[in-house]
Amino acid sequence: MRLSQLFTKTSKNAPADETALNAQLLIKAGYIHKEMAGAYGYLPLGLKVLENIKQIVREEMNALGGQELIMTSLQRQELWEITDRWDDEKVDVWFKSHLQNGTPVGFGWSHEEPISDMMKNFISSYRDLPISVYQFQTKLRNELRAKSGIMRGREFVMKDLYSYARSDEEHQRIYDQLTAAYLRIFERVGLGDKTFLTFASGGAFTQFSHEFQTLTEAGEDIIYVDRAKKLAVNKEVYTDEVLAQLGLDKSQLEEVKAAEVGNIFSFGSKKSEQLELYFTAEDGTRQPVILGSYGIGVTRLMGVIAEVFADDKGLVWPEAVAPAQVYLARLGDNDAVVKQADALYEKLTDQGATVLYDDRDARPGQKFADADLLGIPYRVVVSDKTLAAGALELKKRQDDQAEQIIPGELLKKFGRL
RNA sequence: CGGGGAGUGGCGCAGUCCGGUAGCGCACGCGGUUUGGGACCGCGGGGUCGCAGGUUCAAAUCCUGUCUCCCCGACCA
């Protein structure tokens, strides 16, 4: 992408109506647009980051046999009444409207009920199980108060996977695999060191659910972490009995703030029984399907990544999610410089590298500042100086010093292997 | 939903107390000089001051109502 063609621009001023660092930086850098409180649009660079994160999640879900689909945002009243979750007294985040003929409809804040109801069409025998389906869906939740930029919105993207198993043992196996997959995902997006498997409330279904909590002051949760064991306990279930049960030593726990980037839980057979999702077992008996639900707030995850790695100059994206690998800064506009920069851009792009080419008629300071604000992992400079030296300059976003590199080496470094 | 703060060109702000018909920086357009960490000079375009009522000769400014945004709390399978 040539920056001269990109319609978004960076701004020197942070918006006054945002105090959350993630929103300030993402808006300043032109990654997102705030439409209203808790609702943000994703502009080209922001969308790229979001898609990169989604692709990592998708690969991990597919690796476990997850099958991707997409449900609707419009949902039926009668379905949610079966599980007694239509009433505003029971679920206070519903957005609701009605059809022209007066029929009520809800806007999906979750898809547990619709997706499991839909699966009744396809699950009838033990031969149909186990199965896992997932989607990336826009969830709509009428939160009393939106806050923290894209970390807690009224409209956000969630990856939600649902597992259907024949037995508790089979479910547990899937649950454990998903747990491992989640840890890999957070590792791949760069948050591995800061993200802890956390015991949290299991609600009406089980004693515990598991959250994936990333340590950050911007988070909303208080958790108690055992760094050595790589485990944590959410404050909501933090009691002496629970610690004893989990074999955790209170003296080894540290109280910290964290953001919930994922949550997985087991429903057992309760919801299946409510929704009448049964299968015929090998022995001919009718059994309820064992259900699990596994969520990652994809847009929140993007906000957490932005928040956790940012420095005083702006965003710092991990390579795996960055909107581009290389920020190619062309300084000056004499023919030789333009020629080399254009050629380099084409070669890198042809090799499959993702490049933001700053071909604008702007001064060096502005280009460096934008390269930093945008948080692109590597910055390459082409200028009179580098031409004279016969070598390009390469600098990592987090480094202060640039190194010299000859074009051939650079092409090798960013070539698709 | 309780408490606090704020709405003035695209963005950030001043002006409001003490009413007299809107200004600065960034961004934008034109001309020129510049070019390795957000350049400079000159000229120029753009705002019925969130919205609706009211007071007044006159309202960004005073009064009433209302909407929106931010923060703290509550809420958060």
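Just so it is clear, the model here is predicted, and its values are computed rather than measured. To find a chain, count down the sequence lines: A is the first, B the second, and so on, and within it residues start at 1.
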### Message
Nearest to the side chain of Lys9(A), heavy atoms from C-beta on, is which of G38(B), A27(B), C70(B)?
### Response
A27(B)
### Query
When you compare U8(B) with A52(B), how far apart are their P atoms, in angstrom units rounded to a whole number?
15 Å
### Query
With sugar-phosphate meaning primed atoms plus P, OP1 and OP2, does Asn263(A) contact a base, only sugar-phosphate, or nothing at under 4.0 Å between heavy atoms?
nothing
### Atom C1', compared across A59(B) and U64(B): separation rounded to whole Å
15 Å
### Query
Using a cut-off of 4.0 Å on non-hydrogen atoms, how would the nucleic acid contact of Arg379(A) be classed: base, sugar-phosphate, or nothing?
base
### Task
Once you apply the 3.5 Å cut-off to both distances, tell me the Watson-Crick or G-U wobble partner of G31(B), or none.
C41(B)
### Query
Can you tell which of G37(B), A27(B), C71(B) lies closest to the side chain of Lys147(A)?
C71(B)
### Whole angstrom value for the distance that separates C1' of C76(B) from CZ of Arg154(A)
13 Å
### Message
With a 4.0 Å cut-off on N to O distance, would you call Arg360(A) and Asp358(A) a salt bridge?
### Response
yes
### Closest listed nucleotide, where the reference is the side chain of Ala37(A) and the choices are C70(B), G38(B), G37(B)
C70(B)
### Task
With sequence neighbours left out, write down each residue that passes side-chain hydrogen bond (donor to acceptor under 3.5 Å, both in side chains) with Lys250(A), or none if nothing qualifies.
Asp240(A)
#### Entry: Partner set under ring-ring contact (aromatic ring centres under 6.0 Å, His included) for Phe196(A), not counting sequence neighbours
none
### Message
In this structure, how many angstroms lie between the P atom of C72(B) and the CD atom of Glu217(A), rounded?
### Response
12 Å
### Task
Can you tell me, in whole Å, how much space there is between the P of G3(B) and that of U48(B)?
35 Å
### Message
Under 4.0 Å, heavy atoms only, any strand: does Lys34(A) hit a base, just the sugar-phosphate, or nothing?
### Response
sugar-phosphate
### Query
Mind checking what makes ring-ring contact (aromatic ring centres under 6.0 Å, His included) contact with Phe267(A), not counting sequence neighbours?
Phe205(A), Phe265(A)
### Query
How far does the C1' atom of G47(B) sit from the matching atom of U21(B), given to the nearest Å?
14 Å
Table of protein N/O atoms under 3.5 Å from nucleotides 39-44 of chain B N/O atoms:
unit_1 : atom_1 : unit_2    : atom_2 : d
A39(B) : OP2    : Arg363(A) : NE     : 3.2
A39(B) : O4'    : Arg363(A) : NE     : 3.3

### Message
I'd like to check the side-chain hydrogen bond (donor to acceptor under 3.5 Å, both in side chains) partners of Lys54(A); sequence neighbours left out, ordered by chain and number.
### Response
Glu51(A)
### Query
Distance between the P atoms of C40(B) and A22(B), in whole angstroms?
29 Å
### Query
Listed by chain and number, what are the salt bridge (Lys or Arg N to Asp or Glu O under 4.0 Å) partners of Asp17(A), not counting sequence neighbours?
Lys34(A)
Which protein N or O atoms sit under 3.5 Å from an N or O of nucleotides 1-11 of chain B?
unit_1 : atom_1 : unit_2   : atom_2 : d
C11(B) : O2     : Asn13(A) : ND2    : 2.8

### Message
Under 4.0 Å, counting only non-hydrogen atoms across every strand here, what does Ser148(A) touch: a base, just sugar-phosphate, or nothing?
### Response
sugar-phosphate
### Query
In this structure, which one of Asp372(A), Val380(A), Val381(A), Leu356(A) forms a side-chain contact (heavy atoms from CB on, under 4.5 Å) with Tyr327(A)?
Leu356(A)
### Task
Report yes or no: is the cationic atom of Lys48(A) (NZ for Lys, CZ for Arg) under 6.0 Å from the centre of the six-membered ring of Trp317(A), at an angle within 45° of the ring normal?
no
### Task
Could you give the distance separating C11(B) and C51(B) at their C1' atoms, to the nearest angstrom?
22 Å
### Message
Over all strands shown, is Glu393(A) touching base, sugar-phosphate only, or nothing at heavy-atom distances under 4.0 angstrom?
### Response
base
### Query
With a 4.0 Å cut-off on heavy atoms, is Ser110(A) in touch with a base, just the backbone sugar-phosphate, or nothing at all?
nothing
### Task
Give the rounded distance in Å between these two atoms: NZ of Lys12(A) and C1' of C13(B).
15 Å
### Query
When we call it a touch if two heavy atoms are under 4.0 Å apart, what does Asp92(A) touch: a base, just sugar-phosphate, or nothing?
sugar-phosphate
#### Entry: C28(B) versus G20(B) - spacing of their P atoms, nearest Å
34 Å
### Task
Quick one: which residue pairs count as a salt bridge (charged side-chain N to carboxylate O under 4.0 Å, His left out) with a foot in residues 176-187 of chain A, not counting sequence neighbours?
Glu60(A)-Arg184(A)
### Task
Please check the phosphate of C70(B) (OP1 and OP2 only) for any side-chain N or O of Thr19(A) closer than 4.0 Å.
no
### Query
Testing Thr198(A), Asp221(A), Asn263(A) for side chain to side chain donor-acceptor pair (under 3.5 Å) with Gln213(A), which one passes?
Asp221(A)
### Query
Residues in side-chain contact (heavy atoms from CB on, under 4.5 Å) with Glu68(A), at least two apart?
Arg58(A), Tyr134(A), Phe136(A)
